[in-house]
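Please read the structure below before turning to the comments.
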Amino acid sequence: MTRRDMIKAASGAAAATILGGIPLAAQGQDKPANSGGKRKILVIGAHPDDPETCAGGVMCLLTQAGHEVVCVYLTRGEAGIAGKSHDEAAAIRVIESERANAVVGTRHIFMSQVDGNTEVNLERYREMRELLEREKPDVVLTHWPVDSHRDHAACGLLVLDAWRRVGRTFELYYMEAMTGTQSQMFQPTDWVDITSVLEQKHRACRCHVSQGMDELLDGWHVPMERFRGLECRCQAAEAFAHHTVPGTI
Ligand SMILES: [Zn+2]
């Protein structure tokens, strides 16, 4: 085996062109044929900016292909701006989220939990299950539950429980958040080439001005996009873990 063959053999999987049964445009291709009809995808994050930073590229690809993408925020990011009260911070972050969703072309929903104080209990399980029963998504992306941020872990657990309770009526994927610092032991199963929509994704992320997004992009998200891109041989990628249950697929 030549060195070139070894490198080729050691490199990761090719970027996915299908996620949850939905065709995605690969870099350099035209829009994918929307053969399966319009599909609905929910991206459920703990805070404003989580869906955009973790899965903004996929969200842009899906909206471009004509699918309905809904951003769900568990909280309004109340504890996320130093020196501001919860109400003041929430008001700022709601506006930033509206701007980010306008860039991607998504609808958004705020749930009623509070940043830094998210709860996992019977009432919150019910609330998440009812949201999913109401929205009837085909695919859901949410936090990988093994995460050092309590709100991310809580969000992943609530969605996981709801998925089971509604009878796994949608495809469930986990997304990573600042892997190494927040997401731990994340094991992707699917990589999506987001090179063609990278500028749009970053523009949406930068709407979250209060979060010092330039620094977060340079320090975390762009290196992660490059690293996942290296794994699947493209310039920039997002990676996801598909939750499958042996014997049911
Ligand atoms: Zn977060």
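Remember, it's 1-based here, ligands and their atoms both numbered in the order they're listed.
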Any Lys/Arg nitrogen of Arg134 or Glu130 sitting under 4.0 Å from an Asp/Glu carboxylate oxygen of the other? no
May I ask you to decide if the ring planes of Tyr174 and Trp144 are parallel, tilted or perpendicular, using 30° and 60° as cut-offs? perpendicular
Salt bridge or not for Arg107 and Glu68, using N-O below 4.0 Å? yes
When you measure from the Zn ion (ligand 1) to the N, O or S atoms of Asp50, does any of those distances fall below 2.8 Å? yes
Would you please classify the geometry between the His149 ring and the His152 ring as parallel, tilted or perpendicular, with 30° and 60° separating the classes? parallel
Do any of the N/O/S atoms of His149, backbone or side chain, fall under 2.8 Å from the Zn ion (ligand 1)? no
How about His47: does one of its N, O or S atoms come closer than 2.8 Å to the Zn ion (ligand 1)? yes
